[in-house]
Amino acid sequence: MTEQLNAWDRVQLARNAARPHALDYINELVKDFVELHGDRLFGDDHALIGGIGDFRGRTVVVLGHQKGANTRENIDRNFGMPRPEGYRKALRLIRQAEKFNLPVLTFIDTPAADPGLGSEERGQGNAIAENLIAMAAMRVPAIATVVGEGGSGGALAISIADRILMLENAIYAVASPEACATILWKDAAQAPAAAEILRITAHDLHGFGIADEVIPEPVAAHLQPSATIQRAGDAIERHLRDVEQTIATMGIDTLVATRYAKYRGIGRWVDNGETILRNGTVTNAPNGTEHVTSMQHSGSR
Amino acid sequence: MTEQLNAWDRVQLARNAARPHALDYINELVKDFVELHGDRLFGDDHALIGGIGDFRGRTVVVLGHQKGANTRENIDRNFGMPRPEGYRKALRLIRQAEKFNLPVLTFIDTPAADPGLGSEERGQGNAIAENLIAMAAMRVPAIATVVGEGGSGGALAISIADRILMLENAIYAVASPEACATILWKDAAQAPAAAEILRITAHDLHGFGIADEVIPEPVAAHLQPSATIQRAGDAIERHLRDVEQTIATMGIDTLVATRYAKYRGIGRWVDNGETILRNGTVTNAPNGTEHVTSMQHSGSR
Amino acid sequence: MRELFRRQPKFSPTAPGDETRSIPDDLWIKCPKCNELQYSKDAERNLYVCPRCGHHARLSAAQRIDTLVDEGTFIEYDAGLTQSDPLEFVANGEAYRAKAASAGRKTHTNDALVCGTASICGQPVSLAVTEFGFMGASMGSVYGEKLVRAIERAIEGRLGLVTVSSSGGARMHESMFSLMQMAKTTAALAHLGDARLPHLSLLTDPCFGGVTASYATVADVIVAEPGAIIGFAGPRVIEQVTRQKLPEGFQTAEFLLEHGMIDLVVPRAQLPERIGTLLRHFAVQPEPAKSDDADITRSAEPAEALHD
Amino acid sequence: MRELFRRQPKFSPTAPGDETRSIPDDLWIKCPKCNELQYSKDAERNLYVCPRCGHHARLSAAQRIDTLVDEGTFIEYDAGLTQSDPLEFVANGEAYRAKAASAGRKTHTNDALVCGTASICGQPVSLAVTEFGFMGASMGSVYGEKLVRAIERAIEGRLGLVTVSSSGGARMHESMFSLMQMAKTTAALAHLGDARLPHLSLLTDPCFGGVTASYATVADVIVAEPGAIIGFAGPRVIEQVTRQKLPEGFQTAEFLLEHGMIDLVVPRAQLPERIGTLLRHFAVQPEPAKSDDADITRSAEPAEALHD
Ligand SMILES: [Zn+2]
Ligand SMILES: [Zn+2]
């Protein structure tokens, strides 16, 4: 429906305040959801929520960035920018998921990790990093869905998963278009150009092999939230079943090794003059011959 | 040398500012000690120190409460009263010990866990509790030595171990004699009487089967610190070798099960009119017949 | 205040004296927070929550069990355990044994923890509930042993564990045996965790000292009642040591929630449904070999139990 | 300032151009903190630490390696990896490829990370060192791949891993491929941990963004140089967002130590001894089957390496 939109159009849609946020997905898709609070260390972060509930017949642990629908809510939610205690709550719930062998579903929607003084004091970097390693090694299935704004490390911190799904108008970027424009052109107003050049749309990410599926929005999500959420739920369920099938037939070790191989394989570089594309797909070498590089190191565990 | 001292005398000795503190033991017993700092969450607690070094030919992780020798030091060390970040640093280093299969040595010397506002805000109770469960289940040997004041939960939090050793003039109590006197007689000045009634000396604890060995002090420790420290080192080494022997012959699972059985067995109660003494020792039942209760639940893992 | 709430509970724990007192239905009960008056009968119907200000009054173990579990499902275990007095403790001319016996007569329990099995919203659980009226629910050897047996009962029966805790601190009269119950009970929870069984901990007013620094905060989900005062060090100790006045709302359940220490603050009336839902989410299927033993009420010999 | 420090290192990493510049010995170097002047020769002898105020100047990868490892032990690997430019990135009329090539000529490296094996105080290690002069040591695909290979080299050779990091942030020009290197490198460390091999992370000035939020803070021991500025968000971003002036000493190594985020602050001159001691403590005995391969300098085909 929105195929003709440019990157900046999609940035606007991804940020639309009326767009369904994590709790909208959770309330519609997760039965008897109980939100669980706190990192048991310092605080309870309202920008990163988590809990437990029933997703289509199985108990799951759910994590999500939560933006507000209005200013008052956004202040309470810190505009969806988690502080270290948010990531540490997520880590606690990931450990709980592992303990009880529950799949993890995450809903990604954040402009960035909080850049405040308190967050620095309490180790924002450490908190994100601990989540990355925990999710990379967790022995339960995980499906991450980018439902709005996938902002840099703040988004990455709860999106290490066996599948990364993206809503059609969601974005996922190494830096906000505004920040990128400031760096490249010393001018935040160049954000639309930066959005284009950064290749941050769902279709771009799918093309790069980073997103596993683009979930089409009936129209833009905020115009038909319920239909969008159900489509997302169907996609999540389909991928979760697929991952559960992998565990049933090949075991959890295979799943964890496959997850690692995926991340191990991300990146493109040239070695001895040849373009190497990991992920097992094909690229065009500078000398004009197509080739696939062997993945001798991938999944070497 | 100090056998004729009463409990209050020993409390005074245990608290003597000149008595060797944790770092004195570490510096004399642990070669190439590197102090490691921080809980990676909030702060670095100077009242609970930790690090890694060489104890008589093997790498060990060391933890200890650290009091100061004077007022300036005591302010820096918070009088040896750890805050939650101290216990969380300890937990981090315990995990590190497990990761690298290193024994844990702890030196106990604290009046109590810090009772300040900040410590409450950051979950003093949670922090201590997390250490208790981690140390109960840790898959490495641990020797705890009470070198001075073993103050309540603040001491317990780093003293779950395969062996608990006590210096002859060390004490270990559920509450300080002053606090106990305040509760019992509304009068902190009754502390000497409380010290007596609470049975907090090394010999008492050994008699109860809670301390595994009383390490004699040549004279009071602060008069011959080096000789005292070496004696403690010898006792620690002897027990550590013994525990290592258990692992070598029976495996680490047996060690962890034995540690659990020890704590599982602590407590005395009456069931159906009969006095039951856990710990495998004998007691006198009210009906006048001696008996040992079977420990059907101990080490049931 | 607490005394006024006492009544003949539907579940009656066994006690040394086994005396029963009849309490008239038309007794007035005054809310300690807002002074609202209500009939004891109304108070019971309101679960001892003040209809005006929402103050959650303290409950006896029996009242707690009545308000939490499915009616008629509680079976008590280990009711016969009592104190052994290893220190032969006497202070101010009062012997520990005498003090405990008196507390037992008052509360109709042998010690500060009542344990058993029950179901909550249909979910079978191993349950441990403190009796604050018994020496401030201080954790001594009996408390520790009964709790560990409740944990073992959970593991053997593949049950979730629900603990309901309030406590004033350590059982001074048992000295180090009391302190060591922190280690003993928490260590047992490691086995519950290995068995992948959930521990849901409900903290109620007031909860301090060794209990909050041991098993009660080592839980998969920690729930507290609104307004409950919970902490490690007691407010008076903190004020004494720091010479600071404590801020308004310090150490309340809501304060702990904000500081990330607990998962949920749940009003008393919603506790069964909420805990039942959590138990259902965490429910681990019985191990294949034991699947026919899932009806826990038949799985072991209960201690004496009384239903109304 | 950094440019002034450049010299012909004892270890010379291979670079595209392979041009060498000779720097006169009598060049003056000014301390950016206290303006103290010293001869470049003296500066080298002082490890580029100001003798007056102790300021630790930034080092090139080559200088870092020279000041950290046992002389003549460094062997570089994977020097041939360069950028693939998956986005065909052009901004302000400047192509990513051209920018990288220019950085390569300037720094004598092909990207912002130099990897290899070496020994530190006799302890063999797999080593990864950032080159801040190469596009601010931003983490792109080459950086990530080289680091993961260094981790794999550690696992294969049963070596400790030492990373030395400074970074200005993400490699914008590789967009999401850059962000994903955070996940890739950190995930690889899970395997190092499973192999019970230590990761010692040295943070140097300046260290920000994705690097501090990934592999560099997932370490068994984190060390920083005195005065190094380290954080997640850059000081300017924080001031912009919060409209607050940052307190004195914010985000310094000493600040991080106080806030529990790092283990040690170690002056440059003491780094080899301290890291060597830590490696010795953590040293895991080679696995029995591999114990004869412990001499890592012979265990695989090194890439081109130059010693002086
Ligand atoms: Zn009221
Ligand atoms: Zn200077």
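Numbered from 1 within each chain, the chains take letters A, B, ... in sequence-line order. For the numbers below, each heavy atom of this structure counts, side chains included, while hydrogens, waters and symmetry mates do not.
Counting heavy atoms from C-beta on, the side chains of D:Phe282 and B:Lys99 never come closer than 4.5 Å. Taking the side chain as every heavy atom from C-beta outward, D:Glu258 and B:Asp44 never approach each other to under 4.5 Å. In this structure the side chain of D:Thr217 never reaches within 4.5 angstrom of the side chain of B:Arg40, judged on heavy atoms.
Residue D:Arg280 holds its CZ atom at 11.0 Å from CD1 of B:Ile52, rounded to the nearest 0.5 Å. Between the CG atom of D:Leu197 and the CZ atom of B:Phe100 there is a distance of 7.5 Å, given to the nearest 0.5 Å. The CG atom of B:Leu41 sits 12.5 Å away from atom NE2 of D:His259, with the distance rounded to the nearest 0.5 Å.
Residue B:Arg95: no heavy atom, backbone or side chain, is found under 4.5 Å from chain D. In this structure, chain D has heavy atoms under 4.5 Å from both the backbone and the side chain of B:Leu36. The part of B:Gln96 that comes within reach of chain D is its side chain, from C-beta onward, which places non-hydrogen atoms under 4.5 angstrom from that chain. Proximity to chain B (any heavy atom under 4.5 Å) is shown, for D:Ile222, by both the backbone and the side chain. With a 4.5 Å cut-off on non-hydrogen atoms, D:Leu278 touches chain B through its side chain but not through its backbone.
Other residues, nucleotides and ligands contribute over 12 non-hydrogen atoms within 6.0 Å of the CD atom of B:Gln230. Applying the 6.0 Å contact sphere to CZ of B:Arg241 captures no more than 12 heavy atoms from other residues, nucleotides or ligands.
Contact count versus chain B (heavy atoms, under 4.5 Å) is highest, among D:Thr277, D:Val223, D:Ile262, for D:Ile262. The choice from B:Leu102, B:Asp32, B:Asp54 that makes the most heavy-atom pairs within less than 4.5 Å of chain D is B:Asp32.
Distance alone, capped at 3.5 Å, is enough to place a donor-acceptor pair between the D:Asp263 side chain and the B:His37 backbone.
Scanning both residues, B:Lys31 and D:His281, for their nearest heavy atoms gives O-CE1, 3.9 Å.
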